[in-house]
Every structure is written in structure tokens, then in C-alpha cells.
Amino acid sequence: MFFLELVEAKAKIASVWPFFMGLFFSYYVFGQVNWPLAITFFVAMLLFNMAVDAHDNYSDYRGATKEAAEWKQKTNIIGVHHLSVKLIRNLIIVMAGSAAILGILLVIETSWPLLIMGLFCFLVGYFYSAGPRPISTTPFGEAFSGLTMGFVITLISVYINTFPVEPLTWPLFF
């Protein structure tokens, strides 16, 4: 129960929908679905999305000032349920690490453009809630998040399903 709230399970449609859009596009336009790669990507994407949302909660909890102590204990999932900060950190590392391993396996099965797209997603995901000035606290937070989740996830989904029969070229986008 706490886990689903920590990883913001209710918001997973924002990454699941673009995945399926790419899957359906691949099938409809190219008649191609690579189920083993699609399932591997789905798991990796979901793990990383959960790690990012858990990291956002973790960073908010850890970065709360003394003035925000009441918020920290009454609103943030970690404070409300008295969850172990160390356990949450380790959970984030396991989820992100597992997603990275699955991503590397996907790159080995496909090619280097997936590595570039995956690194972009990992960088946006990490810097969304990390560093001295997280992207989420800037006016660009939702733009980066929307680009990554709305376009790049769909693009990766199309790429992993069609890479053997359709090269990644500009005409693919139009």
C-alpha cells in the first residue's frame, strides 16, 4: 500500500499510454511487434518511472526545511508513514539499477540510437528531482517531462518494435 503511494502508481498512465501508442503505431503502420523487447522495455520503463517518482518524494522529504517540518510529517508519504529513509534510498537504487540493466540489454539487442534515447530519459528523470536546482522546480519541468514521456517513450516503443525492418529516419516522424 505504502509502495504504491510512494511510487505514485496513479500517475503511471502518463508513461503507459505513450508506450502503448508506440506499440499500436508499430503494429498498424509496419505490422511489426517484437514482444520480448516490448515487454522488456515496458518493465524497464515502469521501474524507472517508479524510481523517479519515489526519488521525487525522497528528495522533497530530505530537502524540507525546518519551516516545512509540518508538511514533511503530515503530507509527504515518507513522513506520514514513518518510512525508513535508507530503505527508500535503496529501493530507488534497485529500481533505477534494474531499469538500467534492462535498458543495456535492449541496447545490445537493438543498436546505439536506443542508448542515446535511454540516456536522455535517464538524465531527465534524474535531474527532474535532483541537484541543487531540480528541473521540477523550474518552468521547464513539465516541458522536459512531457517531451520525455509523451514523445521519447513513444519513439522508443516504435524503435524497439521496428528497428530490424524500419531504420530510424526523419520521414518516420512525418
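In this structure, Phe2 is a member of the same hydrophobic cluster as Leu4, with clusters built from ILVMFWY side-chain heavy atoms closer than 4.5 Å. Cluster membership for Met149 and Leu147, using ILVMFWY side-chain heavy atoms within less than 4.5 angstrom, is shared. Cluster annotation: Leu105 and Val43 are assigned to the same hydrophobic cluster (Ile/Leu/Val/Met/Phe/Trp/Tyr, side-chain heavy-atom contacts under 4.5 Å, transitive). Ile153 and Ile160 fall within a single hydrophobic cluster, where Ile, Leu, Val, Met, Phe, Trp and Tyr side chains are chained together by heavy-atom contacts under 4.5 Å. The same ILVMFWY cluster, assembled from side-chain heavy atoms under 4.5 Å apart, contains both Leu83 and Ile92.
Residues Leu23 and Trp35 meet the side-chain proximity criterion, which asks for heavy atoms closer than 4.5 Å. In this structure, the side chains of Met21 and Trp17 come closer than 4.5 Å at one or more pairs of heavy atoms. Residues Leu106 and Leu37 have side chains in contact (heavy-atom distance under 4.5 Å, counting atoms from C-beta outward).
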Extract all donor-acceptor atom pairs below 3.5 Å that involve side chains of residues 6-13 and protein atoms in other chains or at least two apart in sequence.
| residue | atom | partner | partner atom | Å |
| --- | --- | --- | --- | --- |
| Glu8 | OE2 | Asn57 | ND2 | 3.3 |
| Lys12 | NZ | Val7 | O | 2.8 |
| Lys12 | NZ | Glu8 | O | 3.3 |
| Lys12 | NZ | Asn49 | OD1 | 2.5 |
| Lys12 | NZ | Asp53 | OD2 | 2.4 |

Contacts under 3.5 angstrom, residues 111-137 side chains, donor-acceptor by atom type, not counting sequence neighbours:
| residue | atom | partner | partner atom | Å |
| --- | --- | --- | --- | --- |
| Ser111 | OG | Tyr159 | OH | 2.3 |
| Tyr128 | OH | Glu142 | OE2 | 3.0 |
| Ser129 | OG | His55 | ND1 | 2.7 |
| Arg133 | NE | Thr137 | OG1 | 3.1 |
| Arg133 | NH2 | Thr137 | O | 3.2 |
| Ser136 | OG | Tyr128 | O | 2.9 |
| Thr137 | OG1 | Pro134 | O | 2.7 |

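Between the side chain of Thr154 and the backbone N or O of Pro18 there is at least one donor-acceptor pair closer than 3.5 Å. Judged purely by atom type and a 3.5 angstrom limit, Asn161 has no side-chain atom pairing as donor or acceptor with the backbone of Ser26.
When every heavy atom of Ala99 is checked against every heavy atom of Ala44, the shortest pair comes out as CB-O, 3.4 Å. Contact detail for Tyr58 and Ile88: the closest heavy-atom pair is CD1-CG2, 4.0 Å. Among all heavy-atom pairs drawn from Phe144 and Thr148, the shortest one is O-OG1, 2.8 Å. Taking all atoms of both residues into account, the shortest heavy-atom contact from Gly22 to Ser157 is C-OG, 3.5 Å. In terms of heavy atoms, Gln32 sits closest to Pro164 at NE2-CG, 4.4 Å.
Counted within 6.0 Å of CZ on Phe42, heavy atoms from surrounding residues, nucleotides or ligands total more than 12; the atom is thus considered enclosed.
The distance from atom CD1 of Ile39 to atom CG of Leu102, rounded to the nearest 0.5 Å, is 12.5 Å. Here OH of Tyr61 is found 11.5 Å from CD1 of Ile77. Values are rounded to the nearest 0.5 Å.
Among pairs with a residue in residues 80-109, none fulfils salt bridge (charged side-chain N to carboxylate O under 4.0 Å, His left out), at least two apart in sequence or across chains.
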